[in-house]
A.B. asks: 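I am attaching a structure below and will ask some questions about it afterwards.
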Amino acid sequence: MEVDGKLVDVYVLKRPWCDHFMESVGARFEVVVFTASLAKYADPLLDLLDKQQLVRWRLFRESCFPYEGNYVKDLSCLGRDLSQTIIGERR
């Protein structure tokens with residue numbers, strides 16, 4: 001893929017049971033992916049990972065705010081009741 005005018009190789013490993021997890025969660029909840037990655041990188045990746053289109057909304061770096069050299073996600077931009085929101089993160 002091209003990043004900042006340079007071609008770079010990108011490798012992604014999908015965790016075991018990811019598809020099963022997504023099907024289970026997608027059947028019960030509105031699934032939103034909010035990443036600090038660039039849309040031009042994350043969107044095609046989500047297209048590959050989310051074959052059943054279980055992710056209803058995708059938010060990328062463009063929806064983050066720069067803060068002290070990092071990108072911060074402001075969940076208020078979701079427009080959802082945050083007391084009814086579950087946040088998961090990768091480790």
Side-chain angles (χ1 to χ4, degrees):
M1 80 173 311
E2 186 176 326
V3 177
D4 297 328
K6 297 177 185 174
L7 288 178
V8 295
D9 292 325
V10 177
Y11 299 94
V12 176
L13 297 174
K14 184 165 68 169
R15 292 180 183 258
W17 295 94
C18 179
D19 293 333
H20 176 74
F21 172 78
M22 288 297 293
E23 288 173 18
S24 297
V25 171
R28 294 170 178 82
F29 303 100
E30 175 187 34
V31 177
V32 177
V33 172
F34 196 162
T35 179
S37 295
L38 295 169
K40 66 181 176 180
Y41 163 75
D43 211 26
L45 178 61
L46 285 169
D47 288 342
L48 291 171
L49 294 175
D50 186 25
K51 294 284 188 190
Q52 296 182 350
Q53 298 180 342
L54 299 168
V55 176
R56 294 191 197 165
W57 299 99
R58 300 174 179 189
L59 296 154
F60 306 104
R61 182 176 297 177
E62 297 82 0
S63 298
C64 295
F65 298 95
Y67 178 75
E68 295 183 3
N70 295 300
Y71 293 97
V72 178
K73 300 166 191 152
D74 179 2
L75 298 180
S76 68
C77 77
L78 295 173
R80 305 295 188 274
D81 179 356
L82 296 182
S83 71
Q84 299 294 311
T85 301
I86 301 170
I87 303 169
E89 63 179 276
R90 67 171 171 80
R91 294 214 180 239

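One-based numbering along the sequence shown. When reading the values below, keep in mind they use all heavy atoms of this one structure, side chains included, and skip hydrogens, waters and symmetry mates.
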A.B. asks: Report yes if some heavy atom in the side chain of Asp19 is under 4.5 Å from a heavy atom in the side chain of Lys14; otherwise report no.
C.D. replies: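 Asp19 reaches Lys14 side chain to side chain.
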A.B. asks: Suppose the criterion is ring-ring contact (aromatic ring centres under 6.0 Å, His included): which pairs have a residue in residues 63-86, not counting sequence neighbours?
C.D. replies: none
A.B. asks: Can you tell me how far CG of Asp50 sits from CG of Leu45, rounded to the nearest 0.5 angstrom?
C.D. replies: 10.5 Å
A.B. asks: Are Leu49 and Val55 connected in the hydrophobic side-chain network, where two residues link if heavy atoms are under 4.5 Å apart?
C.D. replies: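 No, separate clusters.
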A.B. asks: Going by the rule salt bridge (charged side-chain N to carboxylate O under 4.0 Å, His left out), which residues pair with Asp74 if we only count those two or more places apart in sequence or in a different chain?
C.D. replies: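 With sequence neighbours excluded, Asp74 shows a salt bridge (charged side-chain N to carboxylate O under 4.0 Å, His left out) to no residue whatsoever.
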A.B. asks: Once salt bridge (charged side-chain N to carboxylate O under 4.0 Å, His left out) is applied, do any residues pair with Lys6, and if so which ones, sequence neighbours excluded?
C.D. replies: none
A.B. asks: Side chains of residues 36-44: which donor-acceptor pairs under 3.5 Å do they make with residues two or more places apart or in other chains?
C.D. replies:
from: Ser37; atom 1: OG; to: Thr35; atom 2: OG1; distance (Å): 3.2
from: Asp43; atom 1: OD1; to: Arg58; atom 2: NH1; distance (Å): 2.5

A.B. asks: Considering residues at least two apart in sequence or located in another chain, which fulfil the side-chain hydrogen bond (donor to acceptor under 3.5 Å, both in side chains) criterion with Lys51?
C.D. replies: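 With sequence neighbours excluded, Lys51 shows a side-chain hydrogen bond (donor to acceptor under 3.5 Å, both in side chains) to no residue whatsoever.
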A.B. asks: In this structure, would Met22 and Val12 fall into the same cluster of hydrophobic residues linked by side-chain contacts under 4.5 Å?
C.D. replies: no
A.B. asks: Does Leu7 have any side-chain contact (heavy atoms from CB on, under 4.5 Å) partners at least two apart in sequence or in another chain, and if so, which?
C.D. replies: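 side-chain contact (heavy atoms from CB on, under 4.5 Å) check on Leu7 returns Glu2.
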A.B. asks: Can you tell me if Gln53 has over 12 outside heavy atoms packed within less than 6.0 Å of its CD?
C.D. replies: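 Counting other residues, nucleotides and ligands, CD of Gln53 stays at 12 neighbours or fewer.
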A.B. asks: State which residues pass side-chain hydrogen bond (donor to acceptor under 3.5 Å, both in side chains) with Asp81; sequence neighbours excluded, sorted by chain then number.
C.D. replies: Ser83
A.B. asks: Can you pull out every ring-ring contact (aromatic ring centres under 6.0 Å, His included) where at least one residue sits in residues 2-31? Sequence neighbours excluded, please.
C.D. replies: Trp17-His20
A.B. asks: Could you give all pairs that pass the salt bridge (Lys or Arg N to Asp or Glu O under 4.0 Å) test and reach residues 20-37, with sequence neighbours left out?
C.D. replies: Glu30-Arg80
A.B. asks: Which other residues end up in the same hydrophobic cluster as Leu13, if Ile, Leu, Val, Met, Phe, Trp and Tyr are linked when side-chain heavy atoms come under 4.5 Å apart?
C.D. replies: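 Its cluster partners, ordered by chain and number, are none at all.
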A.B. asks: Which pair of non-hydrogen atoms, one from Lys73 and one from Cys64, has the smallest distance, and what is that distance?
C.D. replies: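 Of all heavy-atom pairs spanning Lys73 and Cys64, the closest is CG-SG, 3.7 Å.
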A.B. asks: Rest of the hydrophobic cluster containing Val32 (Ile/Leu/Val/Met/Phe/Trp/Tyr, side-chain heavy atoms under 4.5 Å)?
C.D. replies: Phe34, Trp57, Leu59, Leu75, Leu78, Leu82, Ile87
